[in-house]
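First comes the structure, then the notes that go with it.
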Amino acid sequence: IQKAVELELIEPDEYSDYGVAITRSQAAKIAANALSDTSVADENAVKARIYDYAEIEEEYKPYVLVAYDKKIVNGNHENSFEPSRLITRAEAGVITGRLIDKNGGISTPDNSGGGTGGHIYPAVAVAEALQRRCGDGVELLFVGAEGKMEMEKIPALGYRIVGLPTAGLQRRFALSNLALPFKVLKSVGRARRTICEFGADVVVGFGGYASGPVLWAAQRSGIPTLIQEQNSYAGLTNKILAHGARRICVAYDGMERFFPAERIVHTGNPLRGRFAVPTEADRLEGLAAFGLDAARPTVLVVGGSLGCRTLNETMKAWLARQEFRPPFQVIWQTGKYYEAEMRRFLEEHPAPGVWQGAFIDRMDRAYAAADVVVSRSGACSVSELCLVGKPTLFVPSPNVAEDHQTKNAQALVDRQAAVLVADAEAPARAMETAGELLADPARRTLLARNIAALAVPDAAERIVDEIEKIW
């Protein structure tokens, strides 16, 4: 309820109003606004009002799909949301609080930050590398934040995990920040007990919410610690705790502006799976898998598993400008929350040579098929694209801490290894810029050569080397 009050979903002093009945469709609107990114968007645009579903703006419908998936609203999500019963505004407040907790703070489905696996999968990649090298000689324990993605993903991969009641700092005034010091103190105490009971010899932090309390407790207990920073702009937790770490593993040059230079080791970002520069045979196999013509150029537009509103709107606007006769082929990965909407769009406006789908199970085939890639610039995406050596146009998400995606992309642009188009400019010119790259083989060759030169295929093994040095 306090979260709902903070977001002005309900008035703090008018408790009698909590009894006003609303429909579950109206509750979905509350959820839509609660899940919007208030740190970036106009606050007036995301404060919840009580609307019927029919009045929900297009930009909020992906958030309503979140509410649908979490059983907050009933109905066929491809057609309409039919209210199944009336609920009170108090219940809507509880729904909102639970949604915010489950999604790691107020965030969008656009990829950016804690809900995307950006801290999880590098940690898993290092765990797998440790097991390959040490076998039964290593015992592993993950520590995560209660209610966050890792508490489901890590056990599903066969690893043990302990949860801490920690949370992130909202970078604006928020009532939830008042409880943060108490959560941190509780988390530090639990982290200290966990480390002691497990008998940890080394603690490795990857920058998630739980990383701070665990690293702090380990350093105060004299246990060696190592930090892995995925981005070109260091996260707050890593910057604070770097001075007590024995090693700081990074993926970008120039990180001495954040960390003690003598402890920095350039290891690259560890990735799961196998990515490499594709051969011609790989290219033909990839194109065949998507049913595309090997004689025509191809652009891959990838927005992540949940999807990216900007890239999807970019595709829609570009196809309309081309009168739905695109001059090149496109592999269009729309993401889970936009798939139905984009599928309907293509059904209404068929465009030959465009493959559209929510997911791509074999990203290696998609990369192999593409002559140019249009992508966000999260740390793991950048590292994958370096490994496959593809000419890339980055559209950084603005909805991330310290605007680190722009800094990630700019680090490659400065080395003539990528092209950058700002998020706000993407609908008007991103695909045209991709077309210009297709028409310029010499520039594509330069970009491909320079981005491939930044690849570190054995990043996980390099980090294991550093772990063994401080063991």
Side-chain angles (χ1 to χ4, degrees), residues 111 116-118 120-129 132 153 156-157 230 251 268-308 311 328-336 339 353-395 408 412 417-418 434 437-438 444-445 447-462:
N111 169 51
T116 63
I120 300 170
Y121 294 116
V124 173
V126 171
E128 291 172 341
R132 287 194 297 270
K153 297 292 185 182
L157 293 169
Q230 293 107 41
N269 280 326
L271 297 174
R272 301 187 74 217
R274 298 186 179 277
F275 296 97
V277 175
T279 64
E280 176 63 14
D282 294 330
R283 185 183 79 87
L284 294 175
E285 179 186 354
L287 289 164
F290 292 97
L292 299 176
D293 185 349
R296 297 186 64 198
T298 304
V299 171
L300 168 63
V301 178
V302 57
S305 60
L306 297 182
C308 169
L311 294 184
F328 48 81
Q329 300 177 129
V330 180
I331 300 171
W332 180 12
Q333 189 262 321
T334 59
K336 174 181 178 180
E339 199 273 337
V354 175
W355 180 95
Q356 175 268 324
F359 304 102
I360 298 176
D361 293 329
R362 290 282 303 273
M363 280 303 300
D364 57 331
R365 287 179 174 172
Y367 287 140
D371 298 292
V372 170
V373 178
V374 178
S375 172
R376 288 302 206 192
S377 49
C380 290
S381 295
V382 172
S383 296
E384 286 181 6
L385 289 160
C386 290
L387 289 173
V388 298
K390 286 292 174 176
T392 301
L393 187 156
F394 286 120
V395 181
N408 289 349
L412 273 68
L437 288 176
L438 289 175
R444 288 206 319 275
T445 298
L447 291 173
R449 182 175 66 244
N450 289 345
I451 197 170
L454 301 175
V456 185
D458 60 344
E461 286 72 19
R462 292 188 185 195

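Taking CZ of F328 as the reference point, atom CG of L437 lies at 9.5 Å (rounded to 0.5 Å). Atom CZ of R444 sits about 13.5 Å away from atom CZ of R449, to the nearest 0.5 Å. The line from OG1 of T334 to CD1 of I360 is 9.0 Å long, rounded to the nearest 0.5 Å. Atom CD in E128 sits 7.5 Å away from atom CG in L157 (nearest 0.5 Å).
The side-chain heavy atoms of M363 and L300, taken from C-beta on, include a pair separated by under 4.5 Å. Proximity of L447 to T392: side-chain heavy atoms (C-beta onward) are nowhere separated by under 4.5 Å. Between K390 and P278 the shortest side-chain heavy-atom distance falls below 4.5 Å. The shortest side-chain heavy-atom distance between P122 and N269 does not fall under the 4.5 Å cut-off. The shortest side-chain heavy-atom distance between V302 and E384 does not fall under the 4.5 Å cut-off. The closest side-chain heavy-atom distance from L387 to P457 is below 4.5 Å. At a threshold of 4.5 Å between non-hydrogen side-chain atoms, the residues F275 and L385 do not count as touching.
In this structure, L454 and C386 approach most closely via the heavy-atom pair CB-SG, 3.9 Å. Residue E461 comes nearest to A129 through the heavy atom pair OE2-CB, 4.2 Å, listed as atom of the first residue, atom of the second, then distance.
Between the side chain of Q333 and the backbone N or O of A358, at least one donor-acceptor pair lies under 3.5 Å. Formation of a donor-acceptor pair under 3.5 Å by the S383 side chain with backbone atoms of A379 is found in this model.
Pairs passing the side chain to side chain donor-acceptor pair (under 3.5 Å) check and including a residue from residues 293-304, sequence neighbours excluded, read T298-Q329.
For the side chain to side chain contact (heavy atoms under 4.5 Å, CB included) test with V330, the passing option among V374, L292, V301 is V301; the others fail.
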